[in-house]
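All figures in this text were calculated on a predicted structure; none of them were measured in a lab.
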Amino acid sequence: MNVNLLPDLAALAALLAVLHFLRRRHPQERVGLWIIGLLFIFLEAIAHTLYADRGPRHMPSHIVALDSYLAAGIIFLWAAARPLYSRRSTLIYLLANTPPLALLLTIYGLDLRTQPVYRIVIICGQLVGVLSPFLIARTVRLRAAWWLIVTQLLIWTPLWFSVASRNYRETAYFPLFVVYLATGVVFQLSLPRRSLGKICIVAGFTLWALVFLFHSWVAARPQYTDFAAQIWNMQKFLVTIGMLLVLLELQVSSNEWYAFHDQLTGLPNRRLFEDRLAQSLDDSARSGTRTALIMLDLNGFKQINDSLGHDVGDRLLQQVAHSLRHAIREPDTLARLGGDEFIIVAGNLPAAVPAEQIVEASARRIEGALRRSFYAAGYELAVSGSVGVAIYPDDTTDEVLLRRLADQRMYSQKRQVPLQFEPELQL
């Protein structure tokens, strides 16, 4: 065993543990695939410590290391491609093309140096590579399928010439170069922009691909062996750290989103509403337009909660929010202030339109959004709402007074609504 590699092994295990901990707090399917891929890299690192001593375990350890690299690369490529391409088609394509590559690496790990054996595998791999795009032709455009065929030809054709020149090491490592370079490119396309973690991941996979590409060249020049060994171990840590950074960035982004949005409905909360209202009033003051502040309170919602339970009430609020979101204009802001109280900021309204017309139009839109039936836990629920509208600058130019007027008008209408609650159970 090469004990010099144990510190790197321990560091990789620690990073894996941290990644697993972060994944529990921010569960994502692709993060699970990242961990599986890194576990194969960890397996390769263990095999590397065993085959480096050139003892009796060299051959099986070498095979495990090479195939672990391939398995990790395919899993990383699968994880990177999930946001971009059809999951089923991508999986079929990768599963069809992985066995020939694994067989090629296994033959090299067995120290077989017979040209006919490699040529048979290359021919089979090329046939599979050319035919596999047509397996997914129903979900992938034929034009894209032809690009996949060209890619397969670019992978397998150089291997034929490598075998002809008896450069078997290059024959084994060139496919790994292609897989890891493709993974870096797909991660570049699929990860969020302006992400430090993305930079680390893409740089790590690009460096990894170059390590595989120049492995034969370095092996023929012993003076570069020590330097290459350091590079060989660096990229796996760069990729792992990049994945940790992506998870932390996602967590920060999620925290920022929840700071300004209601967790139940996904609508802006009071904090974001106040910012949008102030911005809309400033725009109206500069452009000479109007801003309408529309407050809505559902009628009888407390009775729904009390009689059917909070789960039914929460489900109703989600459906009402969805319906209201589609009833307002695109630039307007719909927020939930709490409970069953919603508020709409409708800005950039023309000054030439009478205020009464704005109020009537606002009430009609909300009434239309609530006129449908809502369903929760087997119940059909019909709800209505009390609406209060205040208009800037017609009613007032003071933001606090504008909100107070809308609130007073809403409750004035609510006092005139009789209590009616008759949920119908749908069997």
Side-chain angles (χ1 to χ4, degrees), residues 19 23 26-41 67-102 104-105 124-157 174-195 197-210 212-213 235 239-240 242-243 245-247 249-250 253-254:
L19 185 61
R23 189 232 177 188
H26 195 90
Q28 279 195 3
E29 190 174 358
R30 69 175 178 178
V31 178
L33 292 174
W34 292 357
I35 294 176
I36 294 173
L38 289 172
L39 286 174
F40 274 103
I41 295 301
D67 286 336
S68 295
Y69 267 132
L70 177 63
I74 295 298
I75 291 170
F76 287 136
L77 184 57
W78 164 233
R82 288 173 72 86
L84 300 176
Y85 308 109
S86 166
R87 296 183 179 186
R88 180 177 178 273
S89 299
T90 305
L91 183 60
I92 292 174
Y93 181 77
L94 292 177
L95 289 178
N97 287 278
T98 299
L101 295 175
L104 184 71
L105 294 176
C124 293
Q126 191 137 4
L127 286 174
V128 172
V130 170
L131 294 176
S132 58
F134 294 99
L135 296 175
I136 58 176
R138 293 182 180 179
T139 53
V140 176
R141 293 180 181 178
L142 187 60
R143 187 175 180 181
W146 281 109
W147 275 110
L148 292 175
I149 292 173
V150 172
T151 302
Q152 288 295 328
L153 292 174
L154 292 176
I155 294 174
W156 291 101
T157 303
F174 183 77
L176 292 175
F177 157 73
V178 175
V179 169
Y180 278 72
L181 182 62
T183 302
V185 171
V186 178
F187 267 123
Q188 169 67 26
L189 297 174
S190 63
L191 288 177
R193 295 181 179 180
R194 298 180 181 178
S195 167
K198 172 183 177 177
I199 295 174
C200 291
I201 290 174
V202 174
F205 278 107
T206 303
L207 180 61
W208 224 333
L210 293 175
F212 290 133
L213 181 64
Q235 69 273 4
V239 167
T240 308
M243 291 176 175
L245 287 174
V246 167
L247 272 182
E249 289 167 349
L250 288 173
S253 176
S254 177

Partners passing side chain to side chain contact (heavy atoms under 4.5 Å, CB included) against A72 (at least two apart in sequence or in another chain):
F40, I41, F76, Y180

Between A79 and L33, what is the shortest heavy-atom contact and its length?
CB-CB, 3.7 Å

Nearest heavy atoms of V179 and G73, plus distance in Å:
CG1-C, 3.7 Å

Which value, rounded to the nearest 0.5 Å, describes the distance between I149 atom CD1 and L131 atom CG?
8.0 Å

Do Q126 and T157 have side chains that get closer than 4.5 Å, going by heavy atoms?
yes

L245 versus G197, closest heavy-atom pair with distance:
CB-CA, 3.6 Å

Enter the distance from F205:CZ to I201:CD1 here, rounded to the nearest 0.5 Å.
7.0 Å

Hey, could you give me the CG/CG distance between D67 and L101, rounded to the nearest 0.5 Å?
10.0 Å

Is a donor on one side and an acceptor on the other found under 3.5 Å between the side chain of K198 and the backbone of Q188?
yes

What's the separation between atom OG1 in T240 and atom CD in Q235, rounded to the nearest 0.5 Å?
10.0 Å

Minimum heavy-atom distance between G37 and I75, given as atom pair plus value
N-CG2, 3.9 Å

Which label fits F177 and F174: parallel for a plane angle under 30°, tilted from 30 to 60°, or perpendicular past 60°?
tilted

Is there a side-chain contact between V246 and W34 (heavy atoms, below 4.5 Å)?
yes

Side-chain heavy-atom pair R82, T90 within 4.5 angstrom cut-off:
no

Using a 3.5 Å distance criterion without hydrogens, assess whether the side chain of S190 forms a donor-acceptor pair with backbone atoms of A80.
yes

Taking all non-hydrogen atoms of both residues, which atom of W78 and which atom of L91 are closest, and how far apart?
CZ3-N, 3.8 Å

Between the CG atom in L181 and the CG atom in L176, the distance rounded to the nearest 0.5 Å is 12.0 Å

L104 CG to C124 SG distance, which is reported to the nearest 0.5 Å
11.5 Å

